[in-house]
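Structure first, then comments.
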Amino acid sequence: MSKEWTNVEEILEGKHTGSEVNLRGWIHRTRNIGNMVFLNLRDPTGVVQIMTSKDTVDNFSEVKSLLIESSIKVKGEVAEDKRAPGGYEIRASEVEVVHAADVYPIQEDHSVEHLLDNRHLWIRSTKMIDILSVRSSVFGGIHEYFRKEGYKEFQSPILTPLACEGGSTLFPVEYFDDKVYLAQSWQLYAEAAIFGLGNIYTIAPSFRAEKSRTPRHLTEYWHAEVEGPWLEFEALLELAEGMVCHVVEKVMNECEDELKRLREEDMSYLKNIAPPFPRITYQEAVDILQKEGFNTKYGDDFGTPEEKALTDMFEKPVFVTHYPKEIKAFYMKRAPEDDTKVLGFDLMVPNVGELIGGSARETEIDSLEARLKEEGEDLSIYQWFLDTRRFGSVPHAGFGLGVERIIMWLCTLDHIRDAIPFPRTPNRYRP
RNA sequence: GCCGUCGUAGCUCAGUGGUAGAGCACUCGGCUGUUAACCGAGCGGUCGCCGGUUCGAAUCCGGUCGACGGCGCCA
């Protein structure tokens, strides 16, 4: 007795023309011509026009009164018709009202603020459906790539006593009579786990309590991280490059239509993404910037204008390596040929800036302790971590990717909050 | 943390010292091929909040709260 349900996509592909189908979904828009009503029906696969008239459906007056976002089931014949948006329409014989919606708060005119206040409804919009479809594909692509490369998935705690990269950027959480923090990285736990598991990765939420007011920061974001024993710096770059290329390929396969809509048909940039990515050193980047007229000095970290200038010069993501150790984290390994620099890299892309940050890890315990003291950290809570340098320490490396940032880059979003369904920023944690 | 912009109808906005406006949404009426349908009517307000100047404040001044945008910090 179960009914066969057709989705909108198949109708727009012409698979059911001339036959009777059953559809279910939400009313995207209505046009009322008196004795005829046109409904645009949305389901997760698309939007199609439904034609109803007082002569063809019994409950015409009920249909006429429906407001947008009402949920309905429709039975009718599929017709090819140039007058219909998309070229096909359903000539309804039955319309069952599942739920007649209240007045919908989102209209044609809307501000950023209103859409964020009504985020739970805005995620029904075509744009958000497209982005969230890409997002699903990106997560799938990351898992797929690391598993294909033999990496195991490893989870670290979200509640942690560790500061990791400066205590002011952590969200404190009451832990009975103590205070712990929401994790801002998986890395330190991962460095302990590689001695047993070998190559590992994760995709997990990370939290930053920085009041960053930019289009590239969230306080809660999804962090894809990887760590491997014996992994050397050059192999680390290749791993990052391979992951980005795999994700691009996967998303182009699974979400071509979504990407075309989001990128306004400009697919040539993404089609060009293949190894190898250009690699420049920090020193070379400074030289390039100075030649471009920036008064960047050796030892300065790059700001937004510098990152934009650099990324716009390349057709692909660009690796910047060998930063001075002063502007990078305590755990990065110094370069063997020049110990004022670290074996660390940033992978930078247009519109976003830093997409991935990674490094070979410092293995010498004295150096780590010294750097932690400089940062004012309490060494006692790091003793377990320092054990990774006491019991069979090995060279190792890893990187971290901001998942929303790769989504922002792929979809050419102008703000990272649209890369996640319910964004958390310094000023906003509702809905 | 710093700098800037904006808070007026459910939504988007106009109104810069003298009785609070428009478009959309919604309700009612009309229309059998609409494409953000159209036409007519109706409904709709503590002008963010507190104080000050003034005969009179949405409008000028001070404060405050909120949102958004830019820089810094980062993934």
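Every chain is numbered from 1 and lettered A, B, ... according to where its sequence line falls, protein lines coming before strand lines. Everything quoted here is computed from the prediction, not taken from an experiment.
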Q. Going by modelled atom types, is there a donor-acceptor pair between the base of rC74(B) and the side chain of H217(A) at under 3.5 Å?
A. yes

Q) Looking only at atom C1', what distance separates rC47(B) and rU16(B), rounded to whole Å? A) 14 Å

Q. For S111(A) and rU12(B), is the shortest distance between a side-chain N/O and OP1 or OP2 below 4.0 Å?
A. yes

Q) Considering heavy-atom distances to RNA chain B, does D81(A) or G402(A) have its closest nucleotide positioned more toward the 5' end? A) D81(A)

Q: Considering only atom P, compute the distance from rC49(B) to rC65(B) and round it to an integer number of Å.
A: 16 Å

Q | Stepwise salt bridge (charged side-chain N to carboxylate O under 4.0 Å, His left out) check, R147(A) with E153(A) | A | CA-CA 8 Å; R147(A) 284 164 183 263; E153(A) 188 172 354; 2.6 Å; yes

Q. When you look at E149(A) and Y201(A), which way does the side chain to side chain contact (heavy atoms under 4.5 Å, CB included) test go after all the steps?
A. CA-CA 11 Å; E149(A) 294 294 315; Y201(A) 82 100; over 6 Å; no

Q) Using a distance-only test with no angle check, is there a side-chain donor-acceptor pair under 3.5 angstrom linking H217(A) and T214(A)? A) yes

(Q) Can you tell me the base-pairing partner of rA22(B)? Count Watson-Crick or G-U wobble geometry only, both distances below 3.5 Å, and say none if there is no partner. (A) rU12(B)

Q | rG10(B) and rG1(B), which share atom name P, separated by this distance in whole Å | A | 33 Å

Q. Just wondering, are more than 12 heavy atoms of other shown residues or ligands nearer than 6.0 Å to CD in E238(A)?
A. yes

Q: Starting at atom CD1 of I27(A), determine the distance to atom P of rA25(B), rounded to an integer number of angstrom.
A: 16 Å

Q) Under 4.0 angstrom, heavy atoms only, what part of the nucleic acid is A224(A) near: base, sugar-phosphate, or nothing? A) nothing

Q: Nearest whole angstrom, please: distance from the P of rA25(B) to the CG of D102(A).
A: 18 Å

Q) Is any side-chain N of the basic residue among E144(A) and K148(A) closer than 4.0 Å to the acidic one's carboxylate O? A) no

Q. Does S212(A) get its side chain close enough to the base of rC74(B), under 3.5 Å, for a donor-acceptor pair?
A. no

Q) Does T304(A) put a side-chain nitrogen or oxygen below 4.0 Å from OP1 or OP2 of rG72(B)? A) yes

Q.
Is there, by distance only and without an angle test, a donor paired with an acceptor across the side chain of E89(A) and the base of rG33(B) below 3.5 Å?
A. yes

Q: For the pair E354(A) and R216(A), evaluate side chain to side chain contact (heavy atoms under 4.5 Å, CB included) and give the outcome as yes or no after the intermediate values.
A: CA-CA 9 Å; E354(A) 189 180 341; R216(A) 294 177 295 283; over 6 Å; no

Q.
So, does R430(A) get its side chain near the phosphate of rA67(B), meaning an N or O under 4.0 Å from OP1 or OP2?
A. no

Q) Quick one: N35(A) CG to rU34(B) C1', roughly how many Å, whole number? A) 14 Å

Q) Taking the same atom, P, in rG21(B) and in rC26(B), what whole-Å distance lies between them? A) 24 Å

Q | rG33(B) base stacked by F38(A) (centroids within less than 5.5 Å, tilt under 30°) | A | no

**Q.** Complementary nucleotide for rG7(B) - Watson-Crick or wobble, under 3.5 Å
**A.** rC65(B)

(Q) Give me the distance, rounded to whole Å, that separates rU59(B) from rG7(B) when you measure between the P atoms they each carry. (A) 12 Å

(Q) Check the phosphate of rU34(B) against N32(A), side-chain N and O only, distance under 4.0 Å to OP1 or OP2. Yes or no? (A) no

Q) Distance between the C1' atoms of rU8(B) and rA58(B), in whole angstroms? A) 7 Å

Q: Give the nucleotide from the list rA36(B), rC31(B), rG33(B) with an atom nearest to the side chain of R29(A).
A: rA36(B)

Q. Looking at the side chain of L67(A), which of rC11(B), rA75(B), rC26(B) is the nearest nucleotide?
A. rC26(B)

Q: Classify the side chain of R213(A) versus the base of rG69(B) as yes if they form a donor-acceptor pair under 3.5 Å and no if they do not.
A: yes

(Q) From the set rG72(B), rC26(B), rA75(B), return the single nucleotide nearest to any side-chain atom of V103(A). (A) rC26(B)

Q: Kindly label the base of rU16(B) as syn or anti, based on whether its glycosidic torsion lies within 90° of 0.
A: syn

Q. To the nearest Å, how far apart are I33(A) CD1 and rG30(B) C1'?
A. 12 Å

(Q) Could you tell me how far rG15(B) sits from rA20(B) if I compare only their C1' atoms? Round to whole Å. (A) 9 Å

(Q) What is the distance, to the nearest angstrom, from the CD atom on E306(A) to the P atom on rC74(B)? (A) 13 Å

Q: Would you mind telling me which residue lines up with the more 5' stretch of RNA chain B, F302(A) or E113(A), judged by nearest nucleotide?
A: E113(A)

Q) How many Å lie between CD1 on I416(A) and P on rG69(B), as a whole number? A) 13 Å

Q. Starting at CD of Q107(A) and ending at P of rG44(B), how long is that distance when rounded to a whole Å?
A. 19 Å

Q.
So, applying side chain to side chain contact (heavy atoms under 4.5 Å, CB included) with L343(A), which one of H322(A), E234(A), M332(A) is it?
A. H322(A)

Q.
Base, sugar-phosphate or nothing for H28(A)? Non-hydrogen atoms, less than 4.0 Å.
A. nothing

Q | Rounded distance (Å) that lies between atom P of rG69(B) and atom CZ of R216(A) | A | 12 Å

Q: Report the base-pairing partner of rA41(B) (Watson-Crick or G-U wobble, both distances below 3.5 angstrom), or none.
A: rU27(B)

Q | Atom pair NZ/NZ of K73(A) and K75(A) - distance to nearest 0.5 Å | A | 12.5 Å

Q) Under the 3.5 Å rule, do the base of rU34(B) and the side chain of Q49(A) count as making a donor-acceptor pair? A) yes

Q: Under a 3.5 Å limit for both distances, which nucleotide forms a Watson-Crick or G-U wobble pair with rC71(B), could you say?
A: rG1(B)

Q: Report the nucleotide, chosen from rG69(B), rA75(B), rU34(B), that has the shortest atom-to-atom distance to any side-chain atom of R417(A).
A: rG69(B)

(Q) Starting the side chain at C-beta, find the nucleotide from rC68(B), rU12(B), rU34(B) nearest to L116(A). (A) rC68(B)

Q) Side chain of R428(A), base of rC68(B): donor and acceptor closer than 3.5 Å? A) no

Q | P gap between rG4(B) and rU64(B), integer Å | A | 15 Å

**Q.** Side chains of D338(A) and T340(A), donor plus acceptor under 3.5 Å
**A.** yes

**Q.** L218(A) side chain, from C-beta outward: closest of rA75(B), rG1(B), rU34(B)
**A.** rA75(B)

